[in-house]
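What you see is a predicted model, and the numbers here were worked out from it, not measured in a lab. Order of the sequence lines sets the chain letters (A, B, ...), proteins ahead of strands, with each chain counted from 1.
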Amino acid sequence: MVIKNYDYLNIEKKWQQKWFDAKINIASRKKQKKFFIHFAYPGVSGYLHVGHMRGFTYCDIISRYKRMKGYDVLFPAGFHASGIPSVGFAKKVERNDKETIELLKKNGCTDDFIKKLVDPKKVVNYFSGVYVNNYWKKFGFFIDYTRLMNTISEGYKRFIEWQFHKLNEKNLLVQKPHFAPFCPNCGPVAVDKSETDVSKGGSAEILDFTIIKFKLKDGTILPAATLRPETIFGVTNMWVHPDIEYQKVKINNEVWICSKECIEKLTYQFETVEILMEKIPGKELIGKTCVVPEINRDVPILSGVFADPTIATGIVMSVPAHAPYDWIALVESKKEIQPIKIIDVKGFGNNPAKEACDQLNITSQTETKKLDEATDIVYKKEFHTGVLNDNTGKYSGLQISEIKDAVKNDLISKKLAATMKEFSEDVICRCKEKVVIKRIPDQWFIKYSDEALTRKSKDYAETMNIFPQEYKSEIPKILDWFDDRAAIRKGSWLGTPFPFKKDWIIEPISDSTLYPAYYILSNYVNQGKISAKEMTDKFFDYIFLGLGTAKNKIWENIKVDFDYWYPVDINLGGKEHKTVHFPVYVMNHVAILPREKRPKGLFVHWWVTQQGREKISKSKGGAEPILEAATTYGVDAMRLYYAHVGSPFVDVEWNSDIVTKYKNRIANIWKLIQQLSGKEDAANENLDNWLISTLNRRIQKIDDAFENYDLRVASNEIFYECQKDIQWYMKRRGGNKKLIEKFISTWITLMTPVTPHLAEELWHQNNDSFISNETYPKFKPNEISEKDEVGEYLLSEVTDDVNEILKVTKITPKKIHIYVSPAWKREIFRKALEMADENRLNIGLIMKDIMSDPNKKAIVKEVSQFVGKLPGEIKKLSDSDRNRYLVTLKEADFLENAKDYLKKVFSCDIEVYSADDKDIYDPAYKVRFAIPLRPAIYIE
RNA sequence: GCAGGGGUAGCCAAGCUAGGUCAACGGCGACAGACUCAAGAUCUGUUCCUGUAGAGGUUCGAGAGUUCAAAUCUCUUCCCCUGCACCA
């Protein structure tokens, strides 16, 4: 294999060692020009996978580019240790989870060591080390490792306390009731797709049922739960299950009848719940009547087997005109009850529910799948286009979408209804207990709904650099939508204790909003220059807000650092942060820090997924482990892969074949550069100028791309286009030694941010310094040679045309005759272009002008034909085409010089003529087709 | 529910904000040739259809519209996907 020529494993190791020994990754103030970039720090939850490296790699590439552009770069990193991930991991170790233990062993952990990982803090320490040594350093990242920090250190906790004191001063902390998932055994649990806490139901949604209080004759309440409170106007009857035993319960001095399952749930959601022992079989209720609140209509209670005791209250109100389930049950009950239509909606007649059932051929309550579908159809249609009709009193004429909450709130305020939260599916805790939703009466929130804060944040976001553009336009809407966030929780989670309520801990999103500021002082903390004890509110006030005075020199230094580095120029994170971390990051900065310290840019990248678009999941093992991949493909190959495989703003599927291609390309470039050689005296003016000119165009494009963080375009130019250029040069028999050397050194400098190890290795074949410290190539306008660019363009056009002719005619050429345009055509063309530029293209004028030349009289017919086509041609030209025609190039001379090349390519004789010459060989009279930059061709 | 993203040739994926340079960048795959004992790698060419002279035809989810001109703008429609609600 060719690869063995390029020993990437040792080369990577060697340069990493030298870089870090030389400490070139450590940020310092020198150049009066700074760039602060960081990625959203990872949670500490286990081994990472190749997907995570995408964003990290972007950061390193950008930071390396910036340092080569003359910036002091601060690229710190840390660990988000708060919350449950590490606790979850420790729990897995504790319960001897087979997969987890195996994974640890596979990664070289001993049994003794594994035992220690039942402590979440040990988990944090262990994985922090893994991330740094096995991932980040292995990838050559110029992270300033002296600033590593995590969110459960004492210093960080002081910092978060300070932050919450500030929020409180600004009245951005509020207390109100909240509903949250809760396990009766384990306390608060997280219901999320990765299922850290739960063994089932990770993707459950929390539904908000309205409980409408229907009154029985004796005053007890039959609470019907619904997601569509506005349909109360269409209620014709009630459904209870005939075979279920309902039970009485006293809630805030009212007696309710509902299912046992419901009572269990209610105890978590209402303040005073007194379970009464009296049981009532469903059968007993059937046949009675009750009163619809607000409307005061008497309706019968009927038997409905679809009334599920596990869903909400187990009591269902019946709206047969709009609910397919109710309609079918009514039909089956054979009762003479007229549906009441309350919503007019396009596409439906007098009974939408019936029509939907008919459409799907539903005949029984047991056809739940079809019924769900029918319900969905009716509901969606009614929600978006439905209008309430005269049966709905004061709501008549209004749209469902605008009225929904109004009906509900109205009923609640009149005490005719209540609400109840419920999961859309069963959620089972790791301990096998059923997870419920519990009301927390006095939860603390960060008040992100605050109008002034929202407005200021939106205004500020307007001024930020946000990538991609789509996210920039999305973010004001997100800020509007972003509601108060429950900021603390109770339970065994890692994090900072909440200063205003004992035993509660600040939750992980809320403790990660201002954190880049902490990177400014984490190196001082790590070096023991300042202790957590010293980090009081006064300290942070002084450093971050400039309030008060410095207690000592260290404080002063930190403050200078803060003022130098802050704000953050780019915060880079995956798309999962779009509606979570980034909004609070912006809002907290706006709330607490002055304008000049607020973040300047956001960069959101999408994911690397498994094949089939499945998210690579940490908990499920994921795709290739990082170390393994780094060994298989090489780090530079992976860096190039991330940068080049797709736009940062789409998900890419991990595919080892494709990564292998990048590996080959790296080896290939390495090999190519070894082989490139030239001679001292092999200059070829046209071709050499072309190479220099083209290289400068590349530099310009690459630099533009990097400035816009378009790593894909930049790396495409560097690793593909530049290679094509030098190969074209060689193919065209270029051989200028000095020039080739210059090209190579520029080329590898261009590569450095993306494939630093490769670049460093190549650079050191001729240099002693680190290429990582070199200045990035600059575009030099004076090295542009349009003439030679046009020449090569002409040559490629001619080659293409000849190929096309050969393809169609299938002849084997013996000799190719090329006729370049006559001078007069060129003149006219230029004239026409100039006129078109000034918007006064006039054919008549051109003709007249030409005909004033007596020499042209003889070819008047040809001239008029040519001129006639001009306006159409010119209209079609792009700017770059247009410029090409304005350059003066002696086409015949140029092609004459390139004859050897053409001979070689087509393996036959080549003859070049100018149409202006006399007595040219042209048996097929092709010469008349010759136009500027498009010579006529005749092949024998 | 709320907020958003997307449908481009066999596949992945640019382009779409500023309509013409777009038969549509690039990569992968496929085919042919070169190199090689061979495989791999690499290099060259082809890869929507038609075509014995550099051309023409039909394409960018579907339908309609604006325009001299639309993958790009507008409207309608179908289909996928993501985020959020004490995971981070």
Interatomic distance at P, B:C81 relative to B:U72, whole Å:
24 Å
In whole Å, what is the span from the NE2 atom of A:H817 to the P atom of B:G54?
18 Å
When the distance from OH of A:Y471 to P of B:G6 is rounded to whole Å, what number comes out?
15 Å
Starting at NZ of A:K807 and ending at C1' of B:G51, how long is that distance when rounded to a whole Å?
9 Å
In terms of side-chain heavy atoms of A:I939, which of B:A53, B:A88, B:U42 is nearest?
B:A53
Can you see if the side chain of A:R485 gets near the phosphate of B:A85 - specifically, an N or O under 4.0 Å from OP1 or OP2?
yes
Looking at the side chain of A:R934, which of B:U42, B:G54, B:A88 is the nearest nucleotide?
B:G54
Find the distance A:D710:CG to B:A14:C1' and express it as a whole number of Å.
10 Å
Looking at A:K904, I want to see if its NZ is surrounded by more than 12 non-hydrogen atoms of other residues, nucleotides or ligands under 6.0 Å.
no
Touch class at under 4.0 angstrom, heavy-atom based, for A:G83 against every strand present:
sugar-phosphate
How would you label the contact of A:S512 with the nucleic acid (heavy atoms, under 4.0 Å): base, sugar-phosphate, or nothing?
nothing
In plain terms, say whether A:R698 and A:D725 are close enough for a salt bridge, that is, a side-chain N and a carboxylate O under 4.0 Å apart.
yes
In whole angstrom, give me the gap between the P atoms of B:C73 and B:C80.
24 Å
Work out how far the C1' atom of B:C22 is from that of B:A9, and round it to whole angstrom.
13 Å
If we take the C1' atom in both B:A71 and B:U17, what is their distance in whole Å?
15 Å
Taking atom P in both B:A38 and B:G27, what distance in whole Å separates the two?
28 Å
Knowing that exactly one of A:Y585, A:F482, A:W481 qualifies, which makes a ring-ring contact (aromatic ring centres under 6.0 Å, His included) with A:Y448?
A:F482
Just to be sure I understand the rule, does A:V191 reach a base, reach only the sugar-phosphate, or reach nothing, if contact means heavy atoms closer than 4.0 Å?
sugar-phosphate
Taking the side chain of A:I84 as heavy atoms from C-beta outward, which of B:G26, B:G54, B:A88 is closest to it?
B:A88
Which nucleotide wins on minimum distance to the side chain of A:K661, given the candidates B:A41, B:U82, B:A53?
B:A41
Rounding to a whole Å, what distance do you find between A:Y720:OH and B:U42:P?
10 Å
From B:A85, B:A88, B:A14, nucleotide with atom closest to A:V580 side chain:
B:A88
Base, sugar-phosphate, or nothing: which does A:L806 touch, judged by heavy atoms less than 4.0 Å apart?
nothing
For A:P85, answer base if it contacts any base atom (sugar-phosphate contacts may also be present), sugar-phosphate if it contacts only those atoms, and nothing otherwise; contact means non-hydrogen atoms under 4.0 Å.
sugar-phosphate
Starting at CG of A:L672 and ending at P of B:U44, how long is that distance when rounded to a whole Å?
11 Å
Rounded to whole angstrom units, what separation is found between the CH2 atom of A:W607 and the C1' atom of B:C81?
11 Å
Mapping A:K731 and A:W493 onto RNA chain B by nearest heavy atom, which one lands closer to the 5' end?
A:K731
Taking the ring of A:Y633 and the ring of A:Y662, is the distance between their centroids below 6.0 Å?
no
Selection from B:A88, B:C43, B:A85 that lies nearest to any side-chain heavy atom of A:I206
B:A85
How is A:A180 classified with respect to the nucleic acid when contacts are heavy atoms under 4.0 Å: base, sugar-phosphate, or nothing?
base
Rounded distance (Å) that lies between atom C1' of B:G83 and atom CD1 of A:I509:
13 Å
When the nearest nucleotide of RNA chain B is assigned to A:Q469 and to A:K578 on a heavy-atom basis, which residue is associated with the more 5' position?
A:K578
Name the closest nucleotide to the A:E205 side chain, picking from B:A88, B:A85, B:A14.
B:A85
Choosing from B:G83, B:G54, B:A13, which nucleotide comes nearest the side chain of A:W481?
B:G83
Salt-bridge contact A:K472-A:E462 (side-chain N to carboxylate O under 4.0 Å):
no
Does the separation of the ring centres of A:W728 and A:Y901 fall below 6.0 angstrom?
yes
Regarding A:H80 and A:T151, is there a side-chain donor-to-acceptor distance under 3.5 Å anywhere?
no
Less than 4.0 Å between a side-chain N and a carboxylate O, is that true for A:K724 and A:E721?
yes
Of all the nucleotides listed (B:G51, B:A3, B:C43), which has the minimum atom distance to the side chain of A:I478?
B:A3
Using the P atom as the reference point in each nucleotide, state the distance between B:A62 and B:A53 in Å, no decimals.
34 Å
Distance check, P atoms only: B:A24 and B:G57, in whole angstrom units.
14 Å
Select base, sugar-phosphate, or nothing to describe what A:H581 touches, counting heavy atoms under 4.0 Å on all strands.
nothing
Spacing of the P atoms in B:C60 and B:G65 (rounded, Å)
15 Å
